[in-house]
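To start, the structure under review is shown below, and the notes come after it.
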Amino acid sequence: MSKSPAVGSDGAANGFSALDAKMAALSRAAANLAEQTEVVAQRMRDNSKAAVRLSELCDAAQAGPQHAAAAADIAAAFGRTVGGATRMVNSAHNVNAAAAGVRTAHRTEYGGMHAVAQAMGSRGVRQAKPGFYLAD
């Protein structure tokens with residue numbers, strides 16, 4: 001299915017940089033999903049148009065109402081698929097935007113503290129473990 005590991009499967013790798021990378025990966029995956037799903041939707045639109053045309057040709061050739069009806073049913077099924085794919089594209093765009101928003105908010109909230117902690121760490125100053133300063 002997916003080559004990406006499950007969220008949280010990396011144990012304690014939930015520091016500033018790890019969370020930033022996870023949100024970036026989620027955003028990229030959602031954008032990729034939207035792009036690929038739009039390609040599928042376009043194929044289904046094309047197939048639906050072809051099935052409608054086939055139904056019209058069956059009518060023009062007087063091939064029998066069952067053939068024209070079958071082609072029309074196929075066109076309708078492709079149309080429903082387009083609707084589902086379009087909803088999936090919209091959902092993927094929403095996930096992409098949400099992940100980008102979380103990433104921006106995370107950087108805004110914790111970026112400064114992370115930079116200070118990195119600078120202090122490079123000078124050998126030890127930092128408390130995450131959560132040490134949280135009030136009960």
Side-chain angles (χ1 to χ4, degrees):
M1 187 140 175
S2 174
K3 294 178 184 175
S4 301
V7 173
S9 66
D10 52 359
N14 288 318
F16 178 81
S17 298
L19 287 175
D20 188 62
K22 288 176 185 181
M23 288 301 109
L26 177 60
S27 185
R28 282 191 307 273
N32 188 36
L33 174 63
E35 182 180 320
Q36 291 179 4
T37 306
E38 183 53 48
V39 170
V40 170
Q42 186 56 51
R43 283 189 204 146
M44 295 301 107
R45 282 185 203 96
D46 295 343
N47 289 341
S48 180
K49 289 175 187 175
V52 166
R53 180 70 180 132
L54 177 62
S55 177
E56 292 167 351
L57 291 172
C58 287
D59 281 339
Q62 299 176 348
Q66 71 275 17
H67 299 298
D73 289 345
I74 291 168
F78 279 132
R80 288 189 300 275
T81 303
V82 169
T86 300
R87 288 189 297 279
M88 185 178 284
V89 167
N90 291 338
S91 295
H93 283 304
N94 289 341
V95 169
N96 183 8
V102 167
R103 188 175 185 209
T104 299
H106 182 252
R107 285 178 166 188
T108 300
E109 182 76 20
Y110 299 108
M113 288 184 276
H114 177 71
V116 169
Q118 292 298 311
M120 292 176 73
S122 67
R123 291 185 298 208
V125 178
R126 293 187 56 185
Q127 297 295 308
K129 290 185 177 185
F132 177 79
Y133 298 109
L134 294 178
D136 289 324

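Side chains are part of it too, since the values below use all heavy atoms of this structure and drop only hydrogens, waters and symmetry mates. Just so it is clear, the model here is predicted, and its values are computed rather than measured. Positions are given from 1, in the same order as the sequence printed here.
Residue N47 holds its CG atom at 10.0 Å from CD of Q42, rounded to the nearest 0.5 Å. Note: T37 OG1 to N90 CG = 10.5 Å, rounded to the nearest 0.5 Å. Considering OG of S27 and NZ of K22, their distance stands at 16.0 Å, rounded to 0.5 Å.
Taking each heavy atom of E38 and V89 in turn, the nearest pair found is N-CG2, 3.6 Å. A pairwise comparison of heavy atoms in S48 and G79 identifies OG-N, 4.2 Å as the closest pair. Across all their heavy atoms, N96 and A30 have their closest contact at N-CB, 3.6 Å. Residues M23 and A99 come closest through the heavy atom pair O-CB, 3.8 Å. Across every non-hydrogen atom of A41 and A85, the tightest pair is CB-CB, 3.6 Å.
Residues M44 and I74 fall within the same hydrophobic cluster, defined by Ile, Leu, Val, Met, Phe, Trp and Tyr side chains chained together at heavy-atom separations under 4.5 Å. Hydrophobic clustering of Ile, Leu, Val, Met, Phe, Trp and Tyr side chains at less than 4.5 Å, counting indirect connections, unites V82 with V40.
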inquiry  = What verdict does the side chain to side chain contact (heavy atoms under 4.5 Å, CB included) test give for F16 and H106, after you've listed the backbone C-alpha separation in whole Å, the side-chain angles of each residue and the deciding distance to 0.1 Å?
reply    = CA-CA 8 Å; F16 178 81; H106 182 252; 3.3 Å; yes

| request: May I have the step-by-step check of side chain to side chain contact (heavy atoms under 4.5 Å, CB included) for T86 and R45, ending in yes or no? | output: CA-CA 11 Å; T86 300; R45 282 185 203 96; 3.9 Å; yes

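For CD of E35, the number of neighbouring non-hydrogen atoms (other residues, nucleotides, ligands) closer than 6.0 Å is 12 at most. Surrounding CD of Q62 are at most 12 heavy atoms belonging to other residues, nucleotides or ligands under 6.0 Å away.
You'll find the side chain of M88 reaches within 4.5 Å of the side chain of L33, heavy atoms only.
The closest donor-acceptor contact from the side chain of T104 to the backbone of A100 lies under 3.5 Å.
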